[in-house]
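Please read the structure below before turning to the comments.
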Amino acid sequence: MPVHFEDIPEEMKEEPMEGVANESESSESSDESMEGENADESREETKSQVYLPGQALEEGEELTVDKSAYRLLHHAQSGAPCLSFDVIPDDLGNSRESYPLSMYIVAGTQAAKAHVNNLLVMKMSNLRGNKQSSEDSDSESSDSEDDDDERKPVMSVAPIKHQGCINRVRCTKLGGTVLAASWSELGRVNIWNLQEQLTAVENPSLLAAYRNKCDKASAGIKPLYAFKGHLSEGFGLDWSRAEPGTLASGDCKGNIHIWRVDSGGASWHVDQRPYNSHALHSVEDLQWSPNEKNVLASCSVDKSIKIWDTRASPHNACMLTASGAHTADINVISWNPKENQFLVSGGDDGFLHVWDLRQFGSDGASPVATFKQHTAPVTTVEWHPTEATVFASGGADDQIAQWDLSVEADHTEEPQDSVLAKLPPQLLFIHQGQSDIKELHWHSQCPGTMISTAHSGFNIFRTISV
């Protein structure tokens, strides 16, 4: 039998999806003993209206989810917060939109004690679409006939003991094998083979045997390779899509190291000479070019974005620089996988900037688009995997925004509500309900589906906008 969420041990327990705060309900307080027609009349008097982040709630108002705005909406918890994760590519097919869905992720915990952290390989399955969505598959039409157990989402988790909190984790496929790289707060970068864990989460008995083995092994599972050459911990980490087996890692001292797998795939060569023109300022994020195997982008607390040619020696490798790209630390960047000349960045200043890399290096290079929807630091941003004009952003203001740069303002329309009229036309959707959002990723094999992680857990959702 599959392991349902409530059957998972407490530290890896899944909870049903709760309301995402995007609708405000206002009603007069009423006596708890109100019954019959009076209670019905009270419900009828309840009025719903659109809520925008930053608005103050009046007494008696509460936020509830508008489920008609979602095709898919689920929530999961992992015990200790997982502040970084990545989607694991699978063999279940591309462009799959029939519900229920299954998907795999790898996540890293940030527990209070360094020695109790884990790398978690998760399979989430039986993720059903919302009944309100007309896009649901035919199987959803018979949901009323399913009993409760059959409708519950299922999560299987295979943990790997990890020394230190996991600052960032990224995965890749190399020769059919799924690998993950993890950045430890202890200053080490590890490479892991996830095949055993992926096999275990497919079968409850195999998962039980795997966990039993892990409990008995005092030293835990060993990484394939560990690099201790960084001078401090870090956050920048990215696998190359153009050259499988190539990895970049950046630390809080401004150093970037390039990894390349050997021809047999058994070990990695890490260039001991760092790329370090960020001059002791922390490298916050790294992104390999989607189509050029020797081109790498980095962003830093020095407020700059740099483009590197990794064929050159480290002191000559920096090709292009956008200095003062933000007015505060730059936390995240994302390289457009379809239109490779564009990059989007997000910083502590709450701004999102879209850059045309062809303008880098010139005096006074400026972004081609700027958005200030977030009211706190932007902590995550990512382009849509197939839609060249769409990206998503998230921040410490507890909101995830979906954007479409192809949308233009229609000045022929009648005046809108004064609050809504102030929103940029490119803003498609605001998703809320999580506390202190850290990372989001689109699922490249499930169109429009997003996964996000925060201190309050994971959200898996698809809006009606994308």
Side-chain angles (χ1 to χ4, degrees), residues 3 5 8-15 17 74-90 101-114 116-125 127 153-173 178-185 189-198 200-202 207 210-211 214 220-221 223 233 235 237-239 285 332 379-380 382 394 400 434-446 449-461:
V3 180
F5 295 127
I8 296 173
E10 186 61 31
E11 68 274 10
M12 297 175 186
K13 186 175 182 181
E14 166 78 35
E15 294 183 356
M17 180 66 206
H74 291 280
H75 173 73
Q77 289 188 333
S78 55
C82 293
L83 304 187
S84 182
F85 76 100
D86 205 2
V87 178
I88 299 176
D90 57 53
L101 292 174
S102 294
M103 58 187 65
Y104 304 80
I105 67 171
V106 56
T109 66
Q110 290 229 341
K113 297 180 180 179
V116 295
N117 281 283
N118 289 281
L119 201 64
L120 304 177
V121 177
M122 305 181 188
K123 179 183 180 182
M124 301 178 182
S125 56
L127 301 175
V154 180
M155 183 168 71
S156 300
V157 182
I160 302 172
K161 292 180 181 178
H162 190 278
Q163 289 298 312
C165 294
I166 299 169
N167 294 344
R168 192 154 292 174
V169 60
R170 294 290 181 261
C171 70
T172 189
K173 248 188 175 182
V178 176
L179 304 176
S182 64
W183 238 129
S184 170
E185 66 171 345
V189 180
N190 299 314
I191 305 292
W192 307 87
N193 185 334
L194 303 184
Q195 290 305 122
E196 181 180 6
Q197 292 74 30
L198 288 169
V201 297
E202 294 295 338
L207 183 58
Y210 169 82
R211 289 193 173 190
C214 291
I221 296 171
E233 67 175 316
F235 296 88
L237 195 64
D238 195 36
W239 291 99
D285 201 6
V332 285
T379 57
T380 180
E382 187 170 280
I400 290 174
Q434 290 177 283
S435 175
D436 197 5
I437 295 164
K438 291 299 182 182
E439 224 172 67
L440 64 82
H441 294 294
W442 300 91
H443 197 300
S444 62
Q445 295 173 276
C446 302
T449 301
M450 297 185 65
I451 309 170
S452 57
T453 189
H455 272 286
S456 55
F458 291 91
N459 277 191
I460 306 95
F461 62 97

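Computed from a prediction, not measured in an experiment: that's the story for all the values here. Starting from 1, each residue takes its place in the sequence as its number.
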> Under a 4.5 Å cut-off applied to non-hydrogen side-chain atoms, are Trp192 and Ile160 in contact?
Replying inline: yes

> Does Val157 reach the side chain of Val121, with side-chain heavy atoms less than 4.5 Å apart?
Replying inline: no

>> If the condition is salt bridge (Lys or Arg N to Asp or Glu O under 4.0 Å), which residues does Glu185 pass it with, not counting sequence neighbours?
In response: none

>> Taking salt bridge (Lys or Arg N to Asp or Glu O under 4.0 Å) as the definition, give me every residue that meets it alongside Asp86, ordered by chain and number, with sequence neighbours left out.
In response: none

> Does the ring center of Phe461 lie less than 6.0 Å from the ring center of His74?
Replying inline: no

> Ser84 and Thr453: which non-hydrogen atoms are nearest, and at how many Å?
Replying inline: N-CG2, 4.3 Å

> When you measure from the side chain of Ser102 to the backbone N and O of Ser125, does any donor-acceptor pair fall under 3.5 Å?
Replying inline: no

>> Has Asn118 got a side-chain atom pairing as donor or acceptor with Leu120's backbone, closer than 3.5 angstrom?
In response: no

> Has the side chain of Thr379 got a donor or acceptor atom that lies under 3.5 Å from a matching backbone atom of Ile437?
Replying inline: yes

> How about Leu179 and Leu194: do any of their side-chain heavy atoms sit closer than 4.5 Å?
Replying inline: no

> Any idea which heavy atoms bring Ile191 and Ala181 closest together, and the distance?
Replying inline: CD1-CB, 3.8 Å

> Of the options Lys123, His443, Met122, which is the one that meets Tyr104 in a side-chain contact (heavy atoms from CB on, under 4.5 Å)?
Replying inline: Lys123

> Of all residues at least two apart in sequence or in a different chain, which pass the salt bridge (Lys or Arg N to Asp or Glu O under 4.0 Å) check with Asp285?
Replying inline: Arg168

> Between the side chains of Ser182 and His162, does any donor sit under 3.5 Å from an acceptor?
Replying inline: yes

>> To the closest 0.5 Å, what do you measure between CG (Leu237) and CH2 (Trp183)?
In response: 8.5 Å

> Distance from Ile460 atom CD1 to Thr449 atom OG1, nearest 0.5 Å?
Replying inline: 10.0 Å

> Met103 and Ile451: which non-hydrogen atoms are nearest, and at how many Å?
Replying inline: SD-CD1, 3.6 Å

> Given Arg170 and Glu439, is the salt bridge (charged side-chain N to carboxylate O under 4.0 Å, His left out) satisfied, shown in steps?
Replying inline: CA-CA 12 Å; Arg170 294 290 181 261; Glu439 224 172 67; 3.2 Å; yes

> Do Ser78 and Met155 touch side chain to side chain, with heavy atoms closer than 4.5 Å?
Replying inline: no

>> To the nearest 0.5 Å, what is the distance between CG on Asn167 and CG on Leu83?
In response: 9.0 Å

>> Can you see whether Tyr210 engages Gln197 through a side-chain donor-acceptor pair at a distance of less than 3.5 angstrom?
In response: yes

> Looking at Ile166 and Leu119, what are the two nearest heavy atoms and their distance?
Replying inline: CD1-CD1, 3.6 Å

>> Using every non-hydrogen atom in the two residues, find where Trp442 and Val87 come nearest and quote the distance to one decimal.
In response: O-CG2, 4.1 Å

> Are Gln434 and Ser452 linked by a side-chain donor-acceptor pair shorter than 3.5 Å?
Replying inline: yes

> What are the two closest non-hydrogen atoms of Ile221 and Cys214, and how far apart are they?
Replying inline: CD1-SG, 4.1 Å

> Gln195 side chain to Val178 main-chain N or O, any donor-acceptor pair under 3.5 Å?
Replying inline: yes

>> Go through it in stages, so that I can follow the logic: the residues are Gln445 and Asp90, the test is side chain to side chain contact (heavy atoms under 4.5 Å, CB included), and I'd like the CA-CA distance, side-chain angles, deciding distance and then a yes or no.
In response: CA-CA 8 Å; Gln445 295 173 276; Asp90 57 53; 3.2 Å; yes

> Is there a donor in the side chain of Asn117 and an acceptor in the side chain of Thr109, or the other way round, less than 3.5 Å apart?
Replying inline: yes

> Between CD of Glu233 and SG of Cys165, what distance do you get to the nearest 0.5 Å?
Replying inline: 9.0 Å

